[in-house]
Amino acid sequence: MRQAYIQTPCYTGDVSGACSALYELGGMTVMHDPSGCNSTYNTHDEIRWYDRESLIFLSGLTDLDVILGDDERLIGDVCRAAEALHPAFIALVNSPLPWLNGTDFDAVCRLIGERTSLPAFHVPTNGMHDYVRGAGLALETWARHFVKEPRAGREKGKIRANLMGLTPLDFALRDTVSSLRSLLSEAGFEPWSFWAMDDDPENLKRASEADVSLVVSAAGLRAARFLERTFGVPYLAAFPAMGIRDRVWSLLEETASSGKSRSLSHALDLGKEEEGALFLVGEPVTMGSLAAAVHARTGRPCRVLVPLEETETLLGPCFTRVSGEEEIRRALKGAGAVLADPMYRPLVPEGADLVPLPHLAYSGRIFLKEIPDLTAFVPEGL
Amino acid sequence: MIKLAFYGKGGIGKSTLVSNLALLLAERGLRVVQIGCDPKADSTRFLREGKSLPTVMDKIRERVPFALSDVLIRGREGVLLAEAGGPLPGRGCAGRGIITALEKLEELGLYETCRPDVVLYDVLGDVVCGGFAMPMRSSYAERVYILTSGEAMSVYAAANIAMALKSFEGRGYADLGGFILNRRDVPREEERVRDLAADFGAEVTGALSRSPKYQEAEEAGLPLVLLAPESPEAGELSALADAILPPEERKG
């Protein structure tokens with residue numbers, strides 16, 4: 001039972017992660033699936049429906065489409081919808097059935113692109129991974145298609161910073177995004193492009209002209225690496241939590257000037273003693289930075305448990321990658337307190353306090369109203 | 001790097017042909033990779049020199065990480081050999097197995113690590129599902145060669161494969177390189193295969209004679225071009241190697 005989840009939920013899946021990442025970029029996103037991915041995304045993982053529109057569709061894949069290998073219905077439906085709705089691009093998101101069936105999305109996108117004259121690409125999800133991978137793949141794929149070469153003749157000015165990894169799945173309270181923009185400005189940086197909330201896609205296309213990227217969640221790592229690899233924009237993985245902001249800004253400046261990418265997590269000393277420590281469970285960039293803030297403020301030893309994929313390079317010495325309830329329960333043994341989504345309660349050891357920090361990608365909308373602005377979040381009672 | 005895929009009715013001699021071509025191209029100084037795309041995993045047996053070769057799907061089945069060197073061996077004349085393999089007989093999905101295996105070889109860095117001049121995909125029988133079309137897909141083979149005799153069932157299968165390829169127009173798949181006649185000495189054989197090729201606007205790239213030498217080579221566990229390098233049969237194979245990969249393409 002090493003990787004089973006019996007008392008607790010699992011994180012949002014990769015298909016929803018991809019849709020969430022592309023939601024505000026002006027394209028038409030089509031989940032190629034019978035309907036399960038659609039209802040999960042609509043019902044549990046997306047909270048923006050009432051605030052702003054987005055062209056998110058489901059292909060309504062049928063058993064006969066799969067058995068007969070009939071891609072033409074998907075292609076025809078997508079082309080007709082695109083003709084009526086004029087999206088900026090078309091993104092197909094793969095799901096378990098077409099993945100198992102080996103549907104050739106490259107070929108399907110090529111045909112759609114030819115017929116619609118629109119950029120068409122697919123996000124190689126398969127419904128078997130978590131949202132970090134899905135959102136990461138979507139942002140990276142979008143970047144590969146749309147980020148332009150930097151324009152020449154830039155005048156010297158403030159350090160331009162991209163912000164990578166913004167989706168409601170990690171930052172459900174939109175105030176967090178506007179706070180991040182203000183904080184960056186106040187710290188003397190020029191907020192350059194925000195991937196991918198509250199920004200004009202045209203700004204994202206100019207992300208290559210930034211001096212540095214600040215990866216605020218693991219979902220932004222793939223796109224940040226693409227910018228580094230292709231345009232030489234280095235990145236820092238850190239979240240400017242209250243209490244460690246000066247350190248984050250100074251590292252961001254250093255990253256921009258040295259051109260060397262880094263993760264705050266690798267520089268963190270969160271105390272020696274594990275027994276009685278505060279254990280933070282969740283997304284590694286935000287949780288790592290919150291741990292650093294708590295440790296800086298209280299001196300309490302902290303440890304970070306990371307149950308998410310594609311996070312290995314973000315784990316510092318006080319971080320542990322965990323998978324499955326059994327492993328999480330074992331890792332939490334001896335914890336003095338646990339800071340995590342309330343749905344982790346069954347795994348919190350007896351005698352340890354749970355400090356709740358709801359996470360949309362984990363508990364959905366159950367605790368939506370209690371999700372704070374992470375830039376101003378100071379855990380109580382520690 | 002040139003990637004070529006070989007299709008044709010089961011039992012028509014694809015593996016025999018591909019192994020001989022692999023050797024001949026290696027003798028011409030090219031770095032050659034031969035990939036068997038059949039769950040039976042018998043494409044490379046005459047080139048292995050008795051070495052064992054776990055299939056990619058065998059290694060995947062073990063559910064532990066593995067390296068390219070676990071599923072790739074150097075065979076006769078330095079030809080690099082891999083077998084996709086498949087699910088257990090009568091279970092799972094063989095076509096999906098081919099997709100998984102080819103993707104795994106790519107993920108393990110086959111093309112970057114070996115930097116082959118030529119990759120030959122030896123594909124099971126007909127294009128029965130999407131998985132067996134994988135070697136035709138973009139980023140895989142540039143050209144497909146279809147091996148056929150003049151027998152009705154073989155011509156029928158060859159036409160099916162060519163039609164599948166034609167139906168993929170616009171998808172960026174491989175081009176039809178041509179048909180290869182493997183003679184069974186049936187009446188009007190050349191004419192039938194020439195007509196088939198003409199129907200698809202293609203050519204008969206080469207022809208191989210029916211000869212007991214192929215059985216002798218099989219008995220000896222050797223490719224014909226090694227057993228009888230000076231034979232007329234080896235001459236036909238050599239001419240075919242030059243036809244499918246002309247000297248001007250070999251530097252690619």
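Values below: all heavy atoms of this structure, side chains included; hydrogens, waters and symmetry mates excluded. From a predicted model like this one, the values you see are computed outputs, not experimental measurements. Here is how names work: the chains are called A, B, and so on, in the same order as the sequence lines, proteins then strands, and each is numbered from 1.
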Criterion salt bridge (charged side-chain N to carboxylate O under 4.0 Å, His left out) on Asp77(A) and Arg73(A), from CA distance to verdict: CA-CA 6 Å; Asp77(A) 285 352; Arg73(A) 200 174 63 78; 3.4 Å; yes
Test item: side-chain donor near acceptor, Ser43(B) and Gln34(B), under 3.5 Å: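 Distance-only check passes for Ser43(B) and Gln34(B).
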For chain A, which residues of residues 91-107 of chain B have heavy atoms nearer than 4.5 angstrom: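 When heavy atoms of chain A are the reference, residues 91-107 of chain B contributes Arg96(B), Ile99(B) within the under-4.5 Å range.
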Members of residues 166-173 of chain B whose heavy atoms come closer than 4.5 Å to chain A: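 Expected list: Glu169(B), Gly170(B), Arg171(B), Gly172(B), Tyr173(B).
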Largest heavy-atom contact set with chain B, pairs under 4.5 Å, which of Val108(A), Leu111(A), Thr103(A):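 Looking at each option in turn, the highest pair count goes to Leu111(A).
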For Arg133(A), the option from Glu310(A), Glu309(A), Glu140(A) that meets salt bridge (Lys or Arg N to Asp or Glu O under 4.0 Å):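 By the salt bridge (Lys or Arg N to Asp or Glu O under 4.0 Å) criterion, Arg133(A) pairs with just one of Glu310(A), Glu309(A), Glu140(A): Glu310(A).
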Row check, Tyr111(B) ring normal vs Lys3(B) NZ/CZ: under 6.0 Å, within 45°: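 Output yes; distance and angle both within limits.
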Flag, side chain of Asp117(B) to backbone of Arg31(B), donor-acceptor distance under 3.5 Å: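 Flag set: sc Asp117(B) to bb Arg31(B) pair under 3.5 Å.
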Exam field: side chain Glu325(A) to backbone Gln7(A), donor-acceptor pair closer than 3.5 Å: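 It does hold such a pair.
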Rounded distance [0.5 Å steps], CG in Leu58(A) versus OG1 in Thr29(A):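 Between atom CG of Leu58(A) and atom OG1 of Thr29(A) there are 12.0 Å.
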Partner of Phe6(B) under side-chain contact (heavy atoms from CB on, under 4.5 Å), chosen from Val144(B), Ile146(B), Leu120(B):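 Of Val144(B), Ile146(B), Leu120(B), side-chain contact (heavy atoms from CB on, under 4.5 Å) with Phe6(B) is met by Leu120(B) alone.
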Heavy-atom closest contact (Ala84(B) atom, Cys37(B) atom, distance):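 What the structure gives for the nearest pair is CB-CA, 4.2 Å.
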Student check: side-chain heavy atoms of Thr44(B) and Glu83(B) closer than 4.5 Å: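 The answer is yes; the side chains approach within 4.5 Å.
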